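Because the structure is predicted, anything quoted here is derived from the model rather than measured.
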Amino acid sequence: MSSHIESERLSNSLAELDQLTNWERRPRGDMRVDLEPMRDLARRLGDPQNSFRIVHVAGTKGKGSTCALIEAGLARAGFSVGRYASPHVMHITERVSIHGRPVGEERLADALGAALSAFKDARREATAGQGATWFDILTVSALLIFSMERVEWAVLETGLGGRWDSTNIVQSDVAVITNIDLEHTEILGKTRAAIAFEKAGIIKPGAAVVTLLPEADEAGAVVSARAAELGCALRRPTVPADATIEQRNVAVAGAVLDVLGKMGVMTKGASAMAEPLGERLLDPSTIATARLPGRLEKIAVDTSHGDNTKVNVVLDGAHVPFNLAAVLSDLSQEEKYRAPCIAVMSIAEDKDAAGLLSTMTRHDISIIFTTVGARSRSPEQLKTIADTLGLLSIVMLDPLEAYQEALAGAAESGAWVLVTGSLYLVGIIRAA
């Protein structure tokens with residue numbers, strides 16, 4: 001699903017990694033309940049996570065974009081910064097950024113090689129590390145790269161939940177919980193409060209906590225209680241009720257920079273006087289550098305229909321109903337996205353397809369269902385759900401053909417095109 005990997009060493013390491021237990025293929029209810037495998041691997045590699053300061057980010061949505069904004073703000077303040085993210089859209093190296101750019105393939109191959117060798121030692125000696133998952137080994141590789149590259153700050157995005165997530169062996173300066181919605185309920189719990197408890201597991205004694213969750217909210221109350229219990233200062237940025245996704249993410253990232261400034265973290269650099277970090281670092285150009293591929297990414301595509309028509313296309317990997325609802329509501333604030341929409345969509349087996357499709361009934365959308373591999377739900381099943389909801393849809397199994405069909409239809413009818421439901425689908429269409 002990724003684009004081509006040039007480095008033979010990286011290909012070989014990834015092939016070896018894939019032969020190990022891939023967490024994605026484990027039975028879904030089989031959530032691990034300790035971090036010992038991860039701690040063992042890190043210990044064998046010299047505990048790289050202790051050589052830089054950390055901002056740790058959990059939440060149902062907005063984690064990736066919020067991390068990118070915090071990274072951009074820290075870089076603007078003169079620090080060398082690493083960022084760990086998941087999943088990737090086009091290429092596995094996107095998961096580990098150094099100075100705002102994906103790490104080189106050879107660098108990732110070096111770190112993966114070291115992590116795999118620690119894993120094999122753990123298997124030989126039958127220590128906790130023998131139970132490491134695919135994601136553990138990738139995570140410890142990222143921490144190793146940050147240590148080798150001598151970054152001063154790392155911004156870490158949790159993969160799933162928080163308490164037992166591979167990233168949670170770190171001691172962070174700031175813990176961020178963007179928001180909470182029902183996702184991965186079979187693993188994280190059936191209520192927002194239960195999920196908040198898992199995500200609040202990233203809060204460490206003495207760290208500052210930043211969240212958008214209101215105090216009165218059931219999930220917000222859990223986060224407040226955990227912060228109080230651990231003696232952590234809690235910061236809640238205020239955002240207007242009609243704020244866009246980006247405005248919310250900027251508010252959270254700005255609050256993180258303010259909190260760091262209050263902790264005495266000063267800007268670096270030869271040119272100006274050092275001053276405390278703060279939200280002002282997120283000026284429009286810094287915000288623009290932090291935009292991620294496949295997150296509300298807007299392009300205009302030339303089609304050869306009629307008078308060289310341009311079709312407005314939005315790529316967004318939303319795969320949670322409230323995320324898709326927010327994306328559609330943000331877009332409807334712009335004139336050009338008020339026209340009818342043709343969506344190209346693939347949804348993974350474990351996602352709430354009925355919920356995602358219900359959010360689309362509030363807008364003028366017809367859908368082309370497609371598939372991007374073994375974990376996609378059958379497009380015919382999706383069409384059946386769409387039919388019962390009164391949504392017009394067709395099935396085209398090849399994602400690129402589905403996209404071409406959507407562009408052609410949009411050029412003829414003056415519609416716009418949305419590619420959504422799966423970051424893998426977005427990655428395939430971006431690559432083309």
- Between D18 and W134, is a side-chain hydrogen bond (donor to acceptor under 3.5 Å, both in side chains) present by the stated rule, with each step listed? CA-CA 7 Å; D18 282 337; W134 186 93; 2.9 Å; yes

I'd like to know whether E94 forms a salt bridge (Lys or Arg N to Asp or Glu O under 4.0 Å) with R83, so could you lay out the CA-CA distance, the side-chain angles of the two residues, the decisive distance to 0.1 Å, and finally the verdict. CA-CA 9 Å; E94 288 168 35; R83 176 170 60 86; over 6 Å; no

I202 and V176 have their tightest heavy-atom pair at CD1-O, 3.6 Å

With T178 as partner, the option from L213, T66, T60, T211 fulfilling side-chain contact (heavy atoms from CB on, under 4.5 Å) is T66

**Prompt:** Could you walk me through whether R44 and T127 pass the side-chain hydrogen bond (donor to acceptor under 3.5 Å, both in side chains) check?
**Reply:** CA-CA 11 Å; R44 288 170 180 279; T127 60; 2.9 Å; yes

Which atom pairs, donor and acceptor, lie under 3.5 Å between side-chain atoms of residues 111-122 and protein residues at least two apart or in another chain?
from, atom 1, to, atom 2, distance (Å)
K120, NZ, E16, OE2, 2.7
D121, OD1, R124, NH2, 2.4

By side-chain hydrogen bond (donor to acceptor under 3.5 Å, both in side chains), R338 pairs with (sequence neighbours left out) E335

Residues 355-363 side chain polar contacts: donor-acceptor under 3.5 Å, at least two apart:
from, atom 1, to, atom 2, distance (Å)
S358, OG, A354, O, 2.6
T359, OG1, L356, O, 2.6
T361, OG1, S358, O, 2.5

Across all chains, not counting sequence neighbours, the side chain to side chain contact (heavy atoms under 4.5 Å, CB included) partners of R39 are L35, E36, R43, I169

With sequence neighbours left out, the residues meeting side chain to side chain contact (heavy atoms under 4.5 Å, CB included) with S65 are N249, L292, R295

Correct closest heavy-atom pair for T371 and S346 would be CA-OG, 4.3 Å

Closest heavy-atom pair, G78 versus E152, reported as atoms and distance to 0.1 Å, is O-OE1, 4.3 Å

On a heavy-atom basis, the closest approach of T158 and S86 is O-OG, 4.4 Å

Sorted by chain and residue number, the side-chain hydrogen bond (donor to acceptor under 3.5 Å, both in side chains) partners of T139 (sequence neighbours excluded) come out as Y84

query = Got a sec: does the CD of E8 have more than 12 other heavy atoms crowding it under 6.0 Å?
reply = no

message = Can you confirm whether more than 12 heavy atoms, excluding those of F197, are under 6.0 Å from its CZ atom?
response = no

